[in-house]
Amino acid sequence: MPSRSGSRGRRPRPAPEVAAPTAVQVSSSGSSEEGSDEEEEGSEGSGDGARSPGGSASKYKAAESEAEAEDPCLPSCPICMVVWTADGAHRVSCIPCGHVYGRHCLEMWLLQYGKKKAPNNIINLYVPEIVVPNNDLENQVLSLRERNEYLEKQQAKLLEEIKEHKRQIMLQQNVIYESNKKRQRVAEQSSDGILGAELIASHTKDIDHSNLSSFALQNEFLVDGARVMGIDASSQIIFTSGRAHGVSAEHILTKVSMFHGHGMEKIHLPPGTKAIRDICVLPGGHVVFASLGRKLSIFSVATNNVVLQYDLPAPGWSCSGDYTTSSHIYAGLQNGMLLVFDIRQTSAPLHSSMGLSTHPVHTIHCAVDGSGSRKVFSASSIGPCVWDASENRPSLVSGMENQGVCISLACSSPSSDVLVASYRPRVELPDAIATSQASTPQSPAPTGSGKLGCHTLLRRTTATSFARDHICSGSVSELRMSKSAIIPCRDNQHLFAYGDESLYGVRTWRLPSFQRYTDLKPHRQPVLDLRYAESSTGERYLGCLSAEKLQVFTIR
């Protein structure tokens, strides 16, 4: 047994040498051709292609000693211990092992040698992100942001001023256009010695207003995004509807007090109601509205809640009450149908009838004729129609075929002796050869806002028929279906009110001659809705709505 002293003096057996992987060193000054020559020499020395481990180790040691001789401070790969160079496609690469200097080489080294201490020559070549606080730059960013907001406000203000100037120019051009047209018509008709009815209708001479109504601005409210309105004259409340601001951008109903500037109350509608297209005030404190969500809703003024809601087969475009009975309501649909509901029955409509076309029914009026029978008047783009309860389909008012696109219908309620239908020119589709462009409208449009249209007076001749009377030209919307109103005056006279596109306000004419009566205070944007209402005690109001403003006029 050997002694302890002998064991202490015995030297440990050296570990077997591990052959380094075969590699080819490319120096920073060498070329790719030299490296390929060295590879060819190494393969020739191996005979049949099998390399000798001893030869590879010796070449590796020679390359290592040569690199250390050049610069002993250069870092080397922790796996093959060969110095990295700065040439090639990568910034720093280890040529013998083919690894890019970084985390992968370190992990391989740890797997080969265990949890030993990593070499000190592994350095980080990527500079970490350095954040240096700079108060000057932060202040500059804040200053630029404030300046950007200021410039955006200035730009919006200038755009509004430019729009207003353009509107004034368009208004003047429209007046000039109408004057020139009248002169031309006077010259043509004077040559024949005939004064046409249309010339009388477009006559604009000032008339005596003492025997007719006067309009006094009762109140004016700023609104944002409202599209439709209704007036409850007895309760002195106005209802408007439009899209609310915010992420959801839901459609809401707004309740406005006529005589209190801050008395606005926003009411959220049931889910799925969508945009309201028409509002009608019913007697007894209820409001009915038709919406694009295929709903006909009845709203309680007292509780501010929807108390009844009908499902419609198509989106609702118009609605109306019934003068003969308080329980019947009507709905005009987008597909041309007309539905009759009884609010005492909540399951289904009483009647449903198809229209003369599949165009939306944008207006409904319920009235009575001379014999006391109930009549329902509607309007779609093809013209005004009369619905009879005994018939399943309506009939187009005679003489109103091919007049253009009917965009509005006003009715003198409740007698319905006078109607005014408003039209814009129909844009005919082009021929099959040239399908890319639309043809020119039938009548020339004035230079300015809107399109030159016409308002046609219809007077009752019998219980079921009407005759076309005077015609008046006016600036109408090119896209929207507008609203109009007939206002009764003393001595069985009437005024016709319409939101003129060239004025951005309400213009009134005297019926039946269509003599221009007065222009009300204009808006800065086109009039979207116009309503006339009369209370049970005789107070009369005219309301008009644009996207920015709501006006209420008292009619005396």
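Quick note: numbers below take in every heavy atom, side chains included, and nothing from hydrogens, waters or symmetry partners. Positions are given from 1 along the sequence.
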For [X], side-chain contact (heavy atoms from CB on, under 4.5 Å) partners two or more places apart:
X	result
N304	K255, E265, I267, F299
R540	S213, I487, P488, Y532, E534, I555
P360	W317, Q334
T303	S300, N305, V307

| remark: Residues at least two apart in sequence or cross-chain that pass salt bridge (charged side-chain N to carboxylate O under 4.0 Å, His left out) with E548, listed by chain then number, are none

Heavy-atom closest contact ([X] atom, [Y] atom, distance):
X	Y	value
R556	A216	NH1-CB, 2.8 Å
G321	C366	O-CB, 3.2 Å
G543	I231	N-CD1, 3.6 Å
G453	P425	CA-CD, 4.4 Å
I471	C454	CG2-CB, 3.9 Å
P384	Y423	CD-OH, 3.3 Å

Kindly indicate whether the side chain of [X], heavy atoms from C-beta on, has any atom under 4.5 Å from the side chain of [Y].
X	Y	result
S422	I407	yes
L356	C385	yes
Y150	E146	no
P313	L339	yes
L419	C411	yes
H523	C544	yes
I343	Y310	yes
V552	E220	no

Side chains of residues 269-285: which donor-acceptor partners sit under 3.5 Å, not counting sequence neighbours?
unit_1: T273; atom_1: OG1; unit_2: P270; atom_2: O; d: 2.6
unit_1: D278; atom_1: OD1; unit_2: R531; atom_2: NH2; d: 2.7
unit_1: D278; atom_1: OD2; unit_2: C319; atom_2: N; d: 3.0

Sequence neighbours excluded, which residues qualify as ring-ring contact (aromatic ring centres under 6.0 Å, His included) partners of [X]?
X	answer
Y330	none
H455	F496, Y498, W509
F215	none

| Hey, mind stepping through I364 and L338 against side-chain contact (heavy atoms from CB on, under 4.5 Å) and telling me if it holds? | CA-CA 9 Å; I364 296 179; L338 178 71; 3.5 Å; yes

| side chain to side chain donor-acceptor pair (under 3.5 Å) partners for S381, two or more places apart | none

| said: Please enumerate all residues that pass side chain to side chain donor-acceptor pair (under 3.5 Å) together with Q218, with sequence neighbours excluded. | reply: T554

| request: Start with the C-alpha gap between F341 and L312, add the side-chain angles, then the distance that decides, and say whether side-chain contact (heavy atoms from CB on, under 4.5 Å) holds. | output: CA-CA 11 Å; F341 292 89; L312 303 175; 3.7 Å; yes

Any side-chain to backbone donor/acceptor pair from [X] onto [Y]? Under 3.5 Å, distance only.
X	Y	answer
H470	P512	yes
S318	V361	yes
H365	L409	yes

| message | As an exercise, state the distance from OG of S502 to CG of L452, rounded to the nearest 0.5 Å. | response | 9.5 Å

| Qualifying residue for side-chain contact (heavy atoms from CB on, under 4.5 Å) with H286, from I298, I329, L308 | I298

| For the side-chain contact (heavy atoms from CB on, under 4.5 Å) test, which of L550, V256, V223, L528 pairs with M229? | L550

| query | Does a sphere of radius 6.0 Å around CG in L222 hold more than 12 heavy atoms from other residues, nucleotides or ligands, not counting ones at 6.0 Å or beyond? | reply | no

| query | Passes side-chain contact (heavy atoms from CB on, under 4.5 Å), Q155 versus L158? Steps please. | reply | CA-CA 5 Å; Q155 181 186 17; L158 291 175; 5.8 Å; no

| Step by step, would you call T363 with K483 a side-chain contact (heavy atoms from CB on, under 4.5 Å)? | CA-CA 8 Å; T363 308; K483 295 293 184 181; 4.2 Å; yes

| task | Applying salt bridge (Lys or Arg N to Asp or Glu O under 4.0 Å), run through R424 and E478 and close with a yes or a no. | result | CA-CA 7 Å; R424 66 166 171 253; E478 298 185 44; over 6 Å; no

| query | Could you give all pairs that pass the salt bridge (Lys or Arg N to Asp or Glu O under 4.0 Å) test and reach residues 225-240, with sequence neighbours left out? | reply | none

